[in-house]
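Comments concern the structure below.
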Amino acid sequence: MKQEYNFSRRFFLKTSSALGALAFIPKGVKAFYEEVKNFIVPKKEQLPLTVSINKKSYAIKADTRTTLLDLLREDLNLTGAKKGCDHGQCGACTVHIDGERALSCLTLAAMVPGKEVTTIEGLANGDKLHPMQEAFIECDGFQCGYCTPGQIMSAVACVKEGHTKSVAEIKEFMSGNLCRCGAYNGIVESIQKVAAK
Amino acid sequence: MGFFDEPFDLMTPPEGRVEGVAKVTGSGKYAAEYKVNGLCHAVLVGSTIAAGTILNINTSNAKQVAGVLGVITHLEKPVVPGMADEEKIKEARFGLPVFHTDKVYFKGQPIALVIAETLEDATYAASLVSAEYREDAKTVDFNGTLGFVSLTPAGKDRGDITALNSAAHSIEAEYNIKAEVHNPMEMHATIAEWTADDKLKLFDKNQGVNNVQRTFAKLFNIPVNHIEVISEFVGGGFGSGLRVWPHALACIMAAKLVKRPVKLMLTRPQMFYSVGYRPASWQKIKLGANADGKFIGIHHQAKNGTSVYENFNEGITRVTRLIYNFDNLKAEAATVPLNLSTPTWMRGPGDCTGDFAIESAIDELSYKLNIDPVALRMKNLALEKNPETGLPWSTNYINECIEKGAQMISWKDRKAAHSQNIEGDWNIGYGMAVGAWNAGRGNASAGIQMQKDGSITVQTAMTDIGTGTGISMQNIAHETTGISKSKIKIELGNSNLPPAPSQGGSNGLSSIGGAVVAAVNALKLKLAEHAALQNEAYKNVAAADILLSDKGISLKTANSQFFISYASLWEKNKLGILEVEASSGPGAERQKYAFCSSAAHFCKVRVNRKTGKVKIERLVTVSDGGKIISEKAAANQMSGAAVGGIGMALMEEQATDERLGTLVGNDFAGYHFPVNADAPIIEVAFINKPDPNINPQGSKGLGEVGIIGTAAAIANAIYNATGKRLRDLPITPDKVLLG
């Protein structure tokens with residue numbers, strides 16, 4: 001099942017050079033490119049996966065093209081991880097994989113079996129908020145709240161990594177999480193508060 | 001003293017926003033996050049050319065993909081009555097008649113929509129749609145095109161601008177600002193579900209649910225109340241959610257076609273050409289003063305980009321008429337059609353752009369006059385009345401903003417001449433600028449539901465895009481009822497709730513605050529009506545004389561024996577949930593007074609002489625927003641706006657490629673706005689004096705003034721540091737080095 005596609009690296013290189021050779025007749029290139037694309041773009045394939053998210057095990061069938069982010073949001077109704085760019089440029093989808101911060105939009109679902117994924121939904125201890133969540137409320141570390149779960153997941157890791165020695169250091173190590181509302185004052189203050197504990 | 005007079009805040013939980021827990025735990029649901037049975041996914045296909053006609057579209061490959069449920073194009077689509085013919089399209093004023101034309105006006109314009117079982121299926125199938133076009137001439141080059149359009153008067157002339165010819169000192173200069181894109185962190189998304197042939201339910205990202213409701217009621221020719229719009233959590237807007245955009249219509253059409261609920265979330269690249277942007281602009285200012293610094297007049301000319309299918313005028317010269325006394329004033333404007341999508345309002349629309357030019361010119365003039373920029377502004381501020389209408393300001397503390405800001409940043413440390421403050425490779429400089437915004441208010445409604453235990457739910461259709469509408473409503477309800485915050489629930493962002501205006505133009509709190517006060521008064525009167533059956537003293541009392549608490553009702557003027565607990569009131573009158581609704585809006589005060597919010601921005605920069613890097617070391621923002629209802633949320637608004645101002649000043653630029661007619665760098669790698677490390681800790685202060693006339697709570701809107709003037713303060717600081725007068729935004733390191 002897995003090796004159903006019978007194209008090879010050699011085929012790909014050949015078609016690439018053919019594309020180059022045909023560059024002077026745009027229409028031909030286009031038609032040819034369409035054919036090549038139709039042939040080499042992987043079709044839908046479902047994989048049985050067992051993933052552990054927030055210490056809960058899920059036995060699922062996932063599209064091989066599905067990112068961890070889309071698995072969480074579309075299939076498991078865990079919408080705390082946000083889609084802000086889907087390109088690893090904004091940090092809104094930050095989760096922890098085996099305790100390290102990771103971008104779930106750049107992680108395929110098929111990559112996480114055997115690993116422990118923690119999302120914002122798994123950060124609180126039952127009804128008791130994580131100190132970082134409390135700090136974000138107290139310091140008003142958000143406005144619209146869309147980047148907030150990613151900020152908090154990064155903030156927790158930032159403290160754990162020990163990157164909280166100065167405002168400048170916190171700012172540097174939180175710069176992978178964009179906030180268009182510009183709530184950076186409160187985000188930094190929240191992290192300082194938790195780091196001081 | 002009765003027990004109901006006891007302090008109420010013993011039980012108050014730690015201070016925070018009403019929706020705080022939902023936001024920090026990820027449980028708050030944004031538009032694309034609702035679980036809807038039978039949901040399928042739609043993905044838009046954009047045109048690959050910038051201008052022309054679609055000759056044919058090949059959707060057959062896409063349709064063969066497993067999981068695909070349907071494809072919409074201008075050739076095959078469900079009926080939208082409001083777009084049935086050319087006439088109706090014009091009448092609808094919807095903007096781009098998506099899927100109702102074979103014309104292409106900009107690159108990326110939706111030409112097809114693929115609906116499939118999963119997002120992956122739809123995304124893949126969308127990649128297989130192709131089209132053939134006949135291409136027309138196009139342009140996306142604002143600066144190359146602006147010479148072809150002529151200026152026309154923007155408002156009435158004041159005095160005679162030829163007076164400038166006799167000015168002792170004058171400045172004449174041009175200013176260019178690149179297009180900026182809102183880019184709220186949540187990409188616009190809609191889930192559309194037809195619950196009956198003529199009933200529509202939408203989970204949608206927007207800044208005004210009633211506006212969405214009205215728009216689609218008209219397009220689909222169904223009653224307004226047949227459309228339910230739910231926008232409880234909105235991941236930022238900055239103006240992009242003030243219009244209803246083509247993708248939302250596309251999603252509704254898709255739901256009609258496949259007879260299932262459909263979700264459509266724009267991709268980040270699509271966000272750059274689907275939901276508006278601040279258009280590129282050109283300005284020319286001629287400003288003159290007499291020898292002691294009194295302004296003689298100003299000639300302000302401005303042009304902004306627009307699309308070829310709609311005209312969007314930014315109103316860049318509006319702010320010219322607002323802040324200073326110019327006895328002689330002439331303003332002219334024009335729009336420049338380009339093969340780009342239609343721009344729209346973005347935070348501080350028009351004013352933010354115009355203010356950059358004016359405040360830069362004033363700073364430049366101050367060096368010529370050898371007068372401190374603070375003193376020069378103080379000399380010319382229109383503090384008594386609106387210079388345009390002649391109406392006296394209800395309140396205007398812009399002078400106090402300036403004084404406080406100067407003190408906070410220690411303005412006296414600024415060197416009067418440029419390039420005098422040097423540390424190694426770094427030049428240090430100080431700059432300042434002011435901004436103002438016409439403070440508005442709209443008609444809004446709010447409802448209150450009260451339970452037997454004295455807890456209340458305050459409701460409105462207004463959204464909370466992150467500005468703190470919810471906590472501000474809670475604060476106002478708490479202050480006017482005396483009921484503990486922990487017993488006040490807020491419900492908003494749903495068209496089933498009492499109607500409210502869209503949340504934009506700094507009108508949100510100004511409008512809804514009055515409605516909450518009105519609803520509280522209605523609640524008091526209703527409770528008194530019931531109480532009168534138990535105690536005659538409550539007959540015909542005025543709302544102002546009625547006191548509420550967590551426990552019950554009493555009268556201000558009477559002693560505590562008139563206290564009636566909610567419990568007994570509810571039992572005696574056999575009450576269920578007590579409901580009231582009230583509206584409030586502007587009135588005769590608008591004929592008597594002029595209203596404005598204002599701010600002063602002060603900046604200390606470091607500019608590296610070798611790399612051209614500009615580092616904002618300090619940024620101080622002091623604003624007059626009347627009474628501050630929620631200090632933390634308001635300060636957050638202002639510091640966030642300042643961060644936006646840093647973006648406008650130093651990095652935000654929607655680049656275009658004229659040859660391909662396309663946007664360049666339409667993602668977060670190609671379009672930069674400030675990350676955490678790009679901004680210092682922003683220093684925020686308020687004058688915090690209530691405006692007695694604007695609304696019952698005395699607050700003036702803040703969202704816009706936070707960014708109006710920031711960019712000029714930064715540019716002026718760069719001049720003070722380096723002697724380089726940079727009039728084109730964004731001021732990237734190359735401009736600093738070559739300037």
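All chains are named by letter (A, B, ...) in the order of the sequence lines, taking the proteins before the strands, and each is independently numbered beginning at 1.
- Here the side chain of A/Y184 pairs a donor or acceptor atom with the backbone of B/P674 at under 3.5 angstrom.
- Interface remark: A/I187 contributes side-chain atoms only to the contact with chain B (heavy atom separation under 4.5 Å).
- B/E186 places no side-chain N or O within 3.5 Å of a backbone atom of A/Y146 that could act as its donor or acceptor partner.
- Between the side chain of B/N636 and the main chain of A/F142, a donor-acceptor pair closer than 3.5 Å is present.
- Remark: B/E652 engages A/R180 in a salt bridge, criterion side-chain N to carboxylate O under 4.0 Å.
- A/C179 has its side chain out of reach of B/M185: every pair of non-hydrogen atoms, C-beta onward, lies at least 4.5 Å apart.
- In this structure, the portions of A/D140 lying under 4.5 Å from any heavy atom of chain B include both its backbone and its side chain.
- For A/Q133 against B/V24, the heavy-atom pair with the smallest separation is NE2-O, 2.9 Å.
- Looking only at side-chain heavy atoms (C-beta outward), A/E74 and B/T118 stay at 4.5 Å or farther from each other.
- Residue A/A124: no heavy atom, backbone or side chain, is found under 4.5 Å from chain B.
- Side chains of A/K82 and B/Y30 form a contact here, defined as non-hydrogen atoms less than 4.5 Å apart.
- No donor-acceptor pair under 3.5 Å is formed between the side chain of A/K83 and the backbone N or O of B/T267.
- For chain B, the nearby parts of A/L178 are the backbone and the side chain; heavy atoms of each come within less than 4.5 Å.
- For the set A/E121, A/Q89, A/H87, the entry with the most heavy-atom pairs within less than 4.5 Å of chain B is A/Q89.
- Checked by atom type, the side-chain pair A/T66/B/E120 shows a donor-acceptor distance below 3.5 Å.
- Between the side chain of B/S639 and the main chain of A/N185, no donor-acceptor pair closer than 3.5 Å is present.
- Side-chain contact between B/F238 and A/C181 is present, with heavy atoms from C-beta onward closer than 4.5 Å.
- Heavy atoms closer than 4.5 Å to chain B are found in both the backbone and the side chain of A/E172.
- Looking only at distances, a side-chain donor or acceptor of B/K23 sits under 3.5 Å from a matching main-chain atom of A/Q143.
- Residues A/N177 and B/N676 fail the side-chain proximity criterion, which asks for heavy atoms closer than 4.5 Å.
- Look at A/D86 and B/R268 and you find no salt bridge, because none of the NZ, NE, NH1 or NH2 atoms lies under 4.0 Å from a carboxylate O.
- Highest contact tally toward chain A, considering only B/H182, B/R347, B/E19, is held by B/H182 [criterion: heavy-atom pairs under 4.5 Å].
- Panel note: side chain A/K171, backbone B/A679; a donor-acceptor pair is recorded below 3.5 Å.
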